[in-house]
Amino acid sequence: MRHTRSGRAVVIGGSVAGLLAARALHETFDEVVVLDRDALPGAPEVRKGVPQGGHVHGLLARGRAALDELFEGLSQELIDRGAPVFDVQDDMEWWVDGRPLARAASGMFALAPSRSLLEFAIRRRVESLPNVRVLAGHTVTGLLITSDGSRCNGVRFTDDMTPGSVEEADLVVDATGRAARGRIWLEGLGFPPAREQRIETQVTYVTRRYRREPHHLGGMAGLSIGAYPGSSRSAFTLAQEDDSWVVTITGRFGAVPPTDDAGMLDWVSDLASPGIAEIIRDAEPLSEPVKMRYPASTRIRYDEMERFPSGLLIVGDALCSFNPVYGQGMTVAALEALLLGRLLKEGTDDLSAEFFFAAQALIDVPWSTVAATDLQFAETVGDRSGLDPERGAYLAHLRRVAAQDAVLASAFLRVAQLVDPPAALFAPEIVQRVEVAG
Ligand SMILES: Cc1cc2nc3c(=O)[nH]c(=O)nc-3n(C[C@H](O)[C@H](O)[C@H](O)COP(=O)(O)OP(=O)(O)OC[C@H]3O[C@@H](n4cnc5c(N)ncnc54)[C@H](O)[C@@H]3O)c2cc1C
């Protein structure tokens, strides 16, 4: 049965997950208010509340498709603004476990806007929805909960004009990112702490933008050199708007990449492919290097809580934050928004429980990729009890032979891009191909 909802929804956080949630909510609520503590820039710019915005942000093929479902024509709009679009397998080089994946036309297209351009374009779309208001400079300081603790019915916030104000709501969505404010507020209100799953890799990113020239990387749109046990440095570059490259170099387990030219070059000098070293050495820098530490992937199990207030949802990085080297966060935020929109349209008596249950099923897939890959490193701290060594050995073999076999490389990338489920790598024809390859 379709429920028609009315009333007001308040979203805390106007970054990618909050804006996409607002897009989902606007169809069923009379009014949607997005509150962000930052001054939101009138142009694509990195801002204080999203410090990761200056670093490479790959948008997976599944994420691009999901964004187009949420905002018709968004890909084209980004292309018109200069974001490169390219075949994920043919126009980009992927080094996995120290070997390149075989290249071929895959029909899987990715888009590479900068993180700032993508958020800006999404915000403009959301601001144009007639019943949505995006309010900058509004810092939410807590949740309003009914006296019996059963329902969340608004938020407290401060802004320049009115410290200590209240915004009442029929639904509150926490999209405050990794800081996961909602979790802290709930604990402060006496709710038991939700279980947190952690996979600690202590990754540090150093990123700089360079001028892109046609001869760089032999005309390709990107290069990814992944870490693997025995080689824990990685590097990634993508072509972006304004004829630029965004280059990110990373270290794990507390190893911090340098930010000076010679040090950056040295950091990548013994990586499997020379492409990133060539850009750092030859291309004109367009920005100063920026650094960011990312201690651990975190997944908060609100779905397991016995007591949780109705009228409250938690989305995006606040619900699950994935090691960014796999580029999954924005895609998962888009898939959560599609899920939320579907649940609201179908109608449900217990939106929070249904959302958390279905969102965890959605998160299972990208989380299992992070777990299987990161827990291969002896230094990673995390729960290894769910790992299946036989499955791990098969997948390592598949990745090895995918260096020569473009069909297997495509199958691997389709799963990594969240286009196909992991089970696709166990389809009989794929298993046979892996076996035949020896
Ligand atoms: C280094 C790095 C690289 C990444 N690379 C990729 C990538 O390649 N591909 C990818 O898909 N994802 C990547 N991610 C993840 C991606 O950045 C996030 O998934 C995405 O931004 C969605 O996050 P979010 O909207 O949940 O939270 P955030 O983007 O962190 O935004 C949180 C928002 O909440 C606001 N806020 C916080 N507290 C309050 C408050 N009390 N009151 C009001 N507002 C508040 C902040 O101002 C901010 O706007 C990366 C992350 C990191 C750290």
Side-chain angles (χ1 to χ4, degrees), residues 10-22 33-41 46-64 66-67 110-116 118-119 122-123 134-143 155-159 167 172-185 201 203-207 222 224 236-238 240 246 248-250 290-298 300 314-337 363 366 370 416-418:
V10 168
V11 180
I12 316 169
S15 177
V16 169
L19 292 170
L20 298 180
V33 185
V34 181
L35 305 176
D36 200 286
R37 63 184 176 186
D38 265 6
L40 298 171
V46 178
R47 60 188 174 88
K48 194 168 154 235
V50 182
Q52 73 270 31
H55 295 275
V56 69
H57 267 67
L59 176 63
L60 302 183
R62 180 71 185 93
R64 185 187 61 77
L67 287 179
L111 196 60
S114 65
R115 170 67 175 70
S116 307
L118 181 60
E119 180 182 309
I122 293 173
R123 192 165 75 242
V134 181
L135 303 180
H138 284 62
T139 301
V140 174
T141 54
L143 301 172
V155 299
R156 287 179 212 290
F157 70 93
T158 61
D159 63 15
E167 184 83 33
V172 173
V173 179
D174 169 16
T176 53
R178 284 178 55 73
R181 309 303 306 173
R183 185 166 180 238
I184 298 160
W185 294 326
T201 44
V203 173
T204 304
Y205 269 46
V206 167
T207 299
S224 165
F236 199 84
T237 190
L238 277 179
Q240 295 191 329
V246 58
T248 289
I249 62 177
T250 78
V290 286
K291 185 188 290 186
M292 184 164 181
R293 290 172 202 270
Y294 182 92
S297 302
T298 52
I300 320 255
I314 302 191
V315 299
D317 284 17
L319 180 59
C320 186
S321 165
F322 306 89
N323 183 345
V325 303
Y326 307 108
Q328 299 166 324
M330 299 187 299
T331 294
V332 171
L335 295 176
E336 287 171 2
I363 286 167
V370 173
Q417 295 283 319
L418 297 180

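Hydrogens, waters and symmetry mates are skipped; everything else that's a heavy atom, side chains included, is used. One-based numbering, in listed order, for ligands and for the atoms of each.
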query: Any idea which of M330, R115, K291 brings a heavy atom closest to atom 21 (O) of ligand 1?
result: R115
message: Return the OG1 to OH distance between T331 and Y326, rounded to the nearest 0.5 Å.
response: 15.5 Å
- line: Note: L59, heavy atoms under 4.0 Å from ligand 1, region reported as neither
- request: Report yes or no: is the cationic atom of R178 (NZ for Lys, CZ for Arg) closer than 6.0 Å to the six-membered ring centre of Y294, at no more than 45° off its axis?
  value: yes
message: Evaluate G18 for polar contact with ligand 1, using N/O atom pairs at a separation under 3.5 Å.
response: no
task: Can you figure out which of H138, R293, Q52 has its heavy atom closest to atom 52 (C) of ligand 1?
output: Q52
message: Tell me the contacting part of A175 for ligand 1: side chain, backbone, both, or neither, using a 4.0 Å heavy-atom threshold, strictly below.
response: backbone
message: I need the nearest protein heavy-atom contact for atom 27 (O) of ligand 1: residue, atom name and distance, please.
response: G177 CA, 3.2 Å
- prompt: For ligand 1, which atoms, with element, lie under 4.0 Å from some heavy atom of L35?
  reply: 43 (C), 44 (N)
Pairwise side-chain contact, V134 with L35, heavy-atom cut-off 4.5 Å (strictly under): no
- request: Could you list the atoms of ligand 1 found under 4.0 angstrom from a heavy atom of G49?
  value: 46 (C), 47 (O), 48 (C)
task: To the nearest 0.5 Å, tell me how far R183 CZ sits from I314 CD1.
output: 9.5 Å
Sub-4.0 Å atoms of ligand 1 with respect to non-hydrogen atoms of V16: 25 (O)
- request: Flag G316 as yes when one of its N or O atoms lies below 3.5 Å from any N or O atom of ligand 1, and as no otherwise.
  value: no
query: Which heavy atom of the protein is the closest neighbour of atom 3 (C) of ligand 1, given with residue, atom name and distance?
result: P324 CB, 3.2 Å
- line: For atom 8 (O) of ligand 1, the closest protein heavy atom turns out to be G58 N, 2.8 Å
- request: Identify whether the distance between the nearest side-chain nitrogen and carboxylate oxygen of R47 and D38 falls below 4.0 Å.
  value: yes
- request: Identify the protein heavy atom lying closest to atom 36 (N) of ligand 1, giving its residue, its atom name and the separation to 0.1 Å.
  value: R37 NE, 3.8 Å
message: Are I12 and V173 packed together at the side-chain level, in the sense that at least one heavy-atom pair is separated by less than 4.5 angstrom?
response: no
task: Answer whether the closest heavy-atom distance between the side chains of N323 and V203 falls below 4.5 Å.
output: yes
- request: Provide the number and element of each atom of ligand 1 under 4.0 Å from a heavy atom of G329.
  value: 10 (C), 11 (O), 12 (N), 19 (O)
field: Nearest non-hydrogen protein atom, atom 5 (N) of ligand 1
entry: V56 O, 3.4 Å
message: So if I count the atoms of ligand 1 from 1 in the order they appear, which ones are less than 4.0 Å from some heavy atom of A17?
response: 24 (P), 25 (O), 26 (O)
- prompt: Taking atom CZ of F236 and atom OG1 of T248, what is their separation to the nearest 0.5 Å?
  reply: 8.5 Å
- request: Step by step, work out the side chain to side chain contact (heavy atoms under 4.5 Å, CB included) result for I363 and E336.
  value: CA-CA 9 Å; I363 286 167; E336 287 171 2; 3.7 Å; yes
query: Mind checking whether R47 has an N or O less than 3.5 Å away from an N or O of ligand 1?
result: yes
statement: Going by the 4.0 angstrom heavy-atom rule, the piece of S15 near ligand 1 is both
message: So V155 and T141, do their side chains get closer than 4.5 Å, heavy atoms only?
response: no
query: Should the proximity of L60 to ligand 1, defined as any heavy atom under 4.0 Å, be assigned to the side chain, the backbone, both, or neither?
result: neither
Between CG on residue D174 and CG on residue L143, distance to nearest 0.5 Å: 7.5 Å
message: Can you name the atoms of ligand 1, numbered from 1 with element, that are less than 4.0 Å from a heavy atom of G327?
response: 7 (C), 8 (O), 9 (N), 10 (C), 11 (O)
- request: Could you walk me through whether L135 and D36 pass the side chain to side chain contact (heavy atoms under 4.5 Å, CB included) test, one step at a time?
  value: CA-CA 6 Å; L135 303 180; D36 200 286; over 6 Å; no
message: Would you say that F157 contacts E167 through its side chain, given a criterion of any heavy-atom pair below 4.5 Å between the two side chains?
response: yes
query: Would you say ligand 1 has an N or O under 3.5 Å from any N or O of V140?
result: yes
Contacting atoms of ligand 1, where contact means under 4.0 angstrom from a heavy atom of T139: 42 (N)
- prompt: What protein heavy atom sits nearest atom 16 (C) of ligand 1, and how far off is it?
  reply: H57 NE2, 3.5 Å
message: For atom 47 (O) of ligand 1, what is the closest protein heavy atom, and at what distance to 0.1 Å?
response: D36 OD1, 2.8 Å
field: Close side-chain approach of L118 and H57, heavy atoms under 4.5 Å
entry: no
message: Regarding R115 and S15, do their side chains bring together a donor and an acceptor under 3.5 Å, going by distance alone?
response: yes
- request: Have a look at ligand 1 and work out which part of D317, if any, has a heavy atom under 4.0 Å from it: side chain, backbone, both or neither.
  value: both
